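Worksheet: one structure, shown below.
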Amino acid sequence: MGQPVERESGEAAHSELPPGQRLQRGWPVTHYGPVPKFRPERWEFRVFGATADGEKRCWNHEEFAALPYTSVVADLHCVTKFSMLGSEWGGVPARTVLEIAPPAPDVTHVMVWAEYGFSSNLRLADFAADRTIFATHKDGELLTAEHGFPLRLVVPHLYAWKGPKWVRGVEYMTADRRGFWEERGYHNIGDPWKEQRYSYQEGPGDGPEL
């Protein structure tokens with residue numbers, strides 16, 4: 001993995017920043033908790049939950065690294081109010097995972113799981129978007145451990161917390177439930193262009209039913 005077989009440019013950058021954001025030059029390190037140590041012999045990526053065939057699918061690190069590699073040019077918007085524009089993210093498209101391990105017809109959401117039990121929920125349509133990618137590289141270089149190596153999810157059209165670092169798997173769900181930050185007061189959807197930062201801003205249908 002590391003040499004692109006396809007490049008999707010899409011919208012390289014918006015002409016304006018989302019509301020309340022500032023342009024960031026450089027990439028600050030922001031995360032909760034310690035940086036996990038990568039142990040390739042123990043690393044596993046799982047797809048489980050409501051799969052189409054009812055079976056769990058697993059890849060070790062070598063197998064996941066052998067999946068088709070692509071790159072997308074996309075922005076990253078952090079809820080802490082900085083934005084990086086036009087970065088190149090390389091890795092495995094989320095759509096590839098959906099094709100190899102398809103969800104059941106009634107799946108509406110996914111939970112992306114990362115190290116230490118960290119999680120983030122996404123609508124299936126957001127996860128399946130063209131530029132949602134399990135990134136291993138940024139601008140042609142391997143991610144550093146502080147920025148999510150060996151794998152982080154990038155969902156360019158949502159705030160960056162919706163794309164966890166140190167991803168280890170995806171759970172297919174037939175109903176929505178909140179992830180780590182969503183349980184702690186962050187917006188369930190997280191659209192930066194609507195400035196959906198916090199749960200008190202949610203409208204009808206934005207979050208799971210109680």
Side-chain angles (χ1 to χ4, degrees), residues 18 30-33 36 43-59 64 67 72 74-80 89 91-135 148 151-210:
T30 57
H31 59 84
Y32 176 83
W43 192 91
E44 182 182 68
F45 182 93
R46 298 184 301 147
V47 175
F48 62 101
T51 59
D53 60 6
E55 300 294 326
K56 179 175 70 173
R57 181 68 185 266
C58 299
W59 293 264
F64 195 87
L67 293 176
V72 299
D75 306 337
L76 185 143
H77 305 296
C78 183
V79 73
T80 60
W89 306 95
V92 178
R95 281 189 170 183
T96 297
V97 173
L98 289 168
E99 291 167 2
I100 297 172
D106 54 347
V107 167
T108 58
H109 294 76
V110 304
M111 188 73 76
V112 181
W113 289 96
E115 297 283 1
Y116 305 133
F118 184 87
S119 61
S120 185
N121 61 318
L122 291 164
R123 297 173 296 189
L124 182 60
D126 292 320
F127 183 70
D130 288 344
R131 293 191 295 156
T132 300
I133 188 169
F134 288 103
L151 195 66
R152 73 176 290 157
L153 185 67
V154 176
V155 189
H157 63 284
L158 300 180
Y159 282 120
W161 92 78
K162 284 293 187 177
K165 301 178 183 181
W166 311 302
V167 172
R168 296 296 298 273
V170 176
E171 178 186 0
Y172 294 153
M173 305 190 298
T174 58
D176 193 13
R177 70 178 191 270
R178 295 179 188 271
F180 181 89
W181 288 115
E182 294 78 17
E183 288 181 335
R184 289 160 175 79
Y186 281 76
H187 199 284
N188 196 58
I189 296 174
D191 184 338
W193 294 94
K194 297 179 180 178
E195 207 166 359
Q196 293 175 333
R197 299 179 190 272
Y198 305 113
S199 58
Y200 71 81
Q201 299 170 304
E202 291 175 9
D206 285 345
E209 294 183 7
L210 298 177

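Bear in mind the structure is a predicted one, so any value in this text is a computation, not a measurement. Just the heavy atoms: all of them, side chains too, but no hydrogens, waters or symmetry mates, feed the values below.
For the side chain to side chain contact (heavy atoms under 4.5 Å, CB included) test, residues two or more places apart in sequence or in another chain that qualify with R168 are W43, E44, E115. Partners of P164 by side chain to side chain contact (heavy atoms under 4.5 Å, CB included), not counting sequence neighbours, listed by chain and number: V112, A114, F118, S120, L153, V167. By the side chain to side chain contact (heavy atoms under 4.5 Å, CB included) test, A104 is found to be paired with A50, D106, V107, residues two or more places apart in sequence or in another chain being considered. Take D191 and apply the salt bridge (charged side-chain N to carboxylate O under 4.0 Å, His left out) test, not counting sequence neighbours, and it matches no residue. Residues passing the side chain to side chain contact (heavy atoms under 4.5 Å, CB included) test with T96 are P68, V92, P93, I100, sequence neighbours excluded.
With contacts defined as side-chain heavy-atom distances shorter than 4.5 Å, the pair L124/T108 does not qualify. Inter-residue side-chain proximity for V79 and W181 is flagged as unmet; no heavy-atom pair is nearer than 4.5 Å. Considering only heavy atoms from C-beta on, H157 comes within 4.5 Å of D126 through its side chain.
Of the inter-residue distances, the one linking E195 atom CD with H77 atom NE2 reads 12.0 Å to the nearest 0.5 angstrom. One distance of note links CG of L151 with CZ of F64; it measures 5.0 Å at 0.5 Å rounding. In this structure, E182 CD and D206 CG are separated by 12.5 Å, a value rounded to the nearest 0.5 Å.
Here Y159 and Y186 keep their ring centres 6.0 angstrom or further from each other.
For the pair C78 and A160, the tightest heavy-atom approach, listed with the atom from each and the gap, is CA-CB, 4.2 Å. Closest approach of C58 and K56 over heavy atoms only: SG-CE, 3.7 Å. For the pair P36 and Y116, the tightest heavy-atom approach, listed with the atom from each and the gap, is CA-OH, 3.3 Å. Looking at every heavy atom in both residues, W89 comes nearest to A135 through CE3-CB, 4.3 Å.
Looking at Q201, its side chain does come within 3.5 Å of a backbone N or O of R197 through a donor-acceptor pair. R95 places a side-chain N or O within donor-acceptor distance of the main-chain N or O of A128, the cut-off being under 3.5 Å.
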Side chains of residues 169-180: which donor-acceptor pairs under 3.5 Å do they make with residues two or more places apart or in other chains?
unit_1: E171; atom_1: OE1; unit_2: W113; atom_2: NE1; d: 3.0
unit_1: E171; atom_1: OE1; unit_2: R177; atom_2: NH2; d: 2.7
unit_1: E171; atom_1: OE2; unit_2: R177; atom_2: NH1; d: 3.4
unit_1: E171; atom_1: OE2; unit_2: R177; atom_2: NH2; d: 3.2
unit_1: Y172; atom_1: OH; unit_2: A101; atom_2: O; d: 2.5
unit_1: D176; atom_1: OD1; unit_2: N121; atom_2: ND2; d: 2.9
unit_1: D176; atom_1: OD2; unit_2: N188; atom_2: ND2; d: 2.7
unit_1: R178; atom_1: NH1; unit_2: E202; atom_2: OE2; d: 2.9
unit_1: R178; atom_1: NH2; unit_2: E202; atom_2: OE1; d: 2.8

